[in-house]
Protein chains: 2
Amino acid sequence: MLHQETSQLTRPTAQKVAAIEAAAGQPQPLSAALSTAGMSIRYARNAEIYGEGEPVDNVYKVVSGAVRTYKLLSDGRRQIGEFHIAGDVFGLEVGSERQFTAEAIADAVVLVAKRSSLVALAVSDATLASELWTHTARELRRTQDHLLVLGRKRAQERVATFLLDMAGRGRSDIIVDLPMSRQDIADYLGLTIETVSRTLTRLEDDRAIEIPTSRRIVLRDKRALGHLNN
Amino acid sequence: MLHQETSQLTRPTAQKVAAIEAAAGQPQPLSAALSTAGMSIRYARNAEIYGEGEPVDNVYKVVSGAVRTYKLLSDGRRQIGEFHIAGDVFGLEVGSERQFTAEAIADAVVLVAKRSSLVALAVSDATLASELWTHTARELRRTQDHLLVLGRKRAQERVATFLLDMAGRGRSDIIVDLPMSRQDIADYLGLTIETVSRTLTRLEDDRAIEIPTSRRIVLRDKRALGHLNN
DNA sequence: CGCAGTCTTGACTGGCTTCAACGGAAGTGG
DNA sequence: CCACTTCCGTTGAAGCCAGTCAAGACTGCG
């Protein structure tokens with residue numbers, strides 16, 4: 001794995017902050033705290049943001065670009081736990097050690113705040129405290145849903161679930177622009193790159209999707225996909 | 001699925017409460033709150049404790065017996081998310097709807113408390129508040145570890161991981177007494193019952209474990225299992 | 001003792017992986 | 001701006017791990 005870490009620190013401008021909050025729908029204590037207390041850092045594609053086993057210092061929010069978190073087995077098999085896109089908070093952990101490695105998928109700008117600052121703020125701000133818990137709970141829910149995907153779904157169902165999920169997170173719910181490679185998708189879905197590719201082709205042949213470019217998927221028949229999604 | 005729900009309500013005796021706290025190692029706010037505020041309920045084997053989609057009212061703690069939580073696909077495929085044994089708190093969710101169904105694996109006694117009571121207590125008890133968050137975070141970590149198992153490990157590795165995990169939770173770290181059936185293990189590990197059975201036989205043939213009875217596994221060579229665990 | 005549920009084992013199948021080759025897009029340097 | 005290189009994605013062929021189907025053994029309970 002290649003870690004070409006070129007980072008560049010800047011104070012977030014008021015303009016940026018406003019844009020972020022607009023993107024989040026409404027100003028929230030956690031987002032607000034990150035925007036106020038945080039620095040903005042830029043990571044190059046494939047740069048490591050933090051590594052598994054490292055101490056947990058910071059909490060992050062994606063401003064632009066995308067981030068993957070993953071675990072490795074000793075022989076190199078990789079399981080991606082989550083993809084984080086613009087607006088997502090990630091790296092919020094309760095323990096002292098990182099459970100995942102986080103890397104930028106594409107060039108990414110993230111806001112960074114010290115976890116200790118957030119926790120300190122939470123003492124006097126009950127809303128923030130509850131939001132920290134809620135964020136962890138939401139992450140748990142997503143992970144639990146993913147368990148079902150990895151444990152019991154077939155390749156087609158996994159890909160369909162993935163596409164519908166991505167559609168629900170992007171700006172359009174029909175056109176999905178994928179920031180990640182086929183290999184990333186494979187490692188997220190517990191498949192191989194070949195199976196992901198073949199499955200997408202198959203879904204296109206079945207008129208469920210269109211693939212104008214490899215990184216863009218148009219959901220042509222969401223009902224069919226939803227049926228696969230169970 | 002059979003739901004023979006025979007439940008019996010009783011006030012927890014001081015004796016019981018003390019025993020539970022002793023089992024937990026040390027008195028903790030969450031446990032204490034459950035013990036104080038909670039009722040004790042008995043569920044028969046296979047009885048449903050709560051169902052997916054139901055409103056979240058209660059939080060539970062296993063006194064004796066064991067509990068499984070799971071999701072179903074429309075065609076009956078089942079993914080077990082977690083097994084809960086004596087001392088475990090379960091059913092603590094942040095949202096309004098249950099994400100899993102919970103059932104007693106064997107006859108089980110659980111303490112029950114209203115979530116609203118706990119949350120109310122947490123307002124004035126910062127330790128409890130932090131413990132609620134920590135509990136969710138710990139559950140998240142276990143689920144993330146399980147993701148790697150389901151996404152990237154082979155049958156042998158899955159079973160080895162499972163056995164080592166169970167050994168770490170029981171009273172003996174060598175003798176594992178399984179409260180659950182092979183089918184439950186299969187649905188937890190994303191395998192079939194036949195594969196679980198065959199894999200256990202294989203591990204016994206390889207002198208890594210012994211199977212004196214089908215529900216008791218003796219870990220004979222933890223290093224070998226650990227190697228499979230990666 | 002008989003029955004039902006659970007577990008094991010065998011034979012075969014199949015879905016996904018592995019191995020391999022190729023085509024195309026994107027980035028780089030001359 | 002084009003040739004070169006590298007990365008990425010697709011497709012094909014073959015193999016294998018786990019699933020499916022089936023039968024039988026074991027266990028506990030009425």
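Throughout, a chain's letter reflects where its sequence line sits, starting with A, and its residues are numbered from 1. Being a predicted model, the structure only gives us computed values, none of them experimental. When reading the values below, keep in mind they use all heavy atoms of this one structure, side chains included, and skip hydrogens, waters and symmetry mates.
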Residue pair B:L147, A:Y70: steps toward the side-chain contact (heavy atoms from CB on, under 4.5 Å) verdict: CA-CA 10 Å; B:L147 261 198; A:Y70 65 84; over 6 Å; no
Identified salt bridge (charged side-chain N to carboxylate O under 4.0 Å, His left out) counterpart of A:D88 within the set A:R68, A:K61, A:R169: A:R169
Touch class at under 4.0 angstrom, heavy-atom based, for B:T213 against every strand present: nothing
Residue-phosphate contact under 4.0 Å: B:R215 side-chain N/O, C:dC7 OP1/OP2: yes
Pair of N/O donor and acceptor under 3.5 Å linking C:dG5 base with B:R182 side chain: no
Below 4.0 Å: OP1/OP2 of C:dT8 and any side-chain N or O of B:S214: no
Trace of the salt bridge (charged side-chain N to carboxylate O under 4.0 Å, His left out) decision for B:D221 with B:R223: CA-CA 5 Å; B:D221 188 350; B:R223 278 190 61 240; 5.6 Å; no
Distance test, side-chain N/O of B:R158 to OP1/OP2 of D:dC17, below 4.0 Å: no
Flag if over 12 foreign heavy atoms under 6.0 Å of CZ, A:R215: yes
Side chains of A:L219 and A:L163 in contact at under 4.5 Å (non-hydrogen atoms): yes
Residue-level proximity of residues 184-197 of chain A to DNA chain C when a heavy atom falls under 4.0 Å: A:G190, A:L191, A:T192, A:E194, A:T195
Distance test, side-chain N/O of B:R45 to OP1/OP2 of D:dC29, below 4.0 Å: no
Comparing A:R152 and A:S181 on DNA chain D - which has the more 5′ nearest nucleotide: A:S181
For atom CD1 of B:I211 and atom C1' of D:dC26, their distance in whole Å: 14 Å
B:D205 CG to C:dT8 P, straight-line distance once rounded to whole Å: 12 Å
Electrostatic pair B:D205:B:R198 at N-O distance under 4.0 angstrom: no
Angle by which the axis turns from one end of the helix from C:dC1-D:dG30 to C:dG30-D:dC1 to the other, five pairs per end, to 10 degrees: 40°
Gap between atoms NZ and P, on B:K153 and D:dC17 respectively (whole Å): 18 Å
Side-chain heavy-atom pair A:R78, A:Q183 within 4.5 angstrom cut-off: yes
salt_bridge(B:R171, B:D177) N-O dist < 4.0 Å: no
Interatomic distance where CZ belongs to A:R198 and C1' belongs to C:dC16 [whole Å]: 9 Å
Gap between atoms CE and P, on A:M180 and D:dC8 respectively (whole Å): 14 Å
salt_bridge(B:R220, B:D206) N-O dist < 4.0 Å: no
Atom-pair distance (CZ on A:R202; P on D:dT10), nearest Å: 16 Å
Euclidean distance, atom CG of residue B:L200 to atom C1' of C:dT8 [Å, nearest integer]: 11 Å
Backbone N/O of B:R142 and side chain of B:D145: donor-acceptor pair under 3.5 Å: no
Below 4.0 Å: OP1/OP2 of D:dC17 and any side-chain N or O of B:R154: no
Protein-nucleotide distance (A:L178, atom CG; D:dC8, atom C1'), rounded to Å: 14 Å
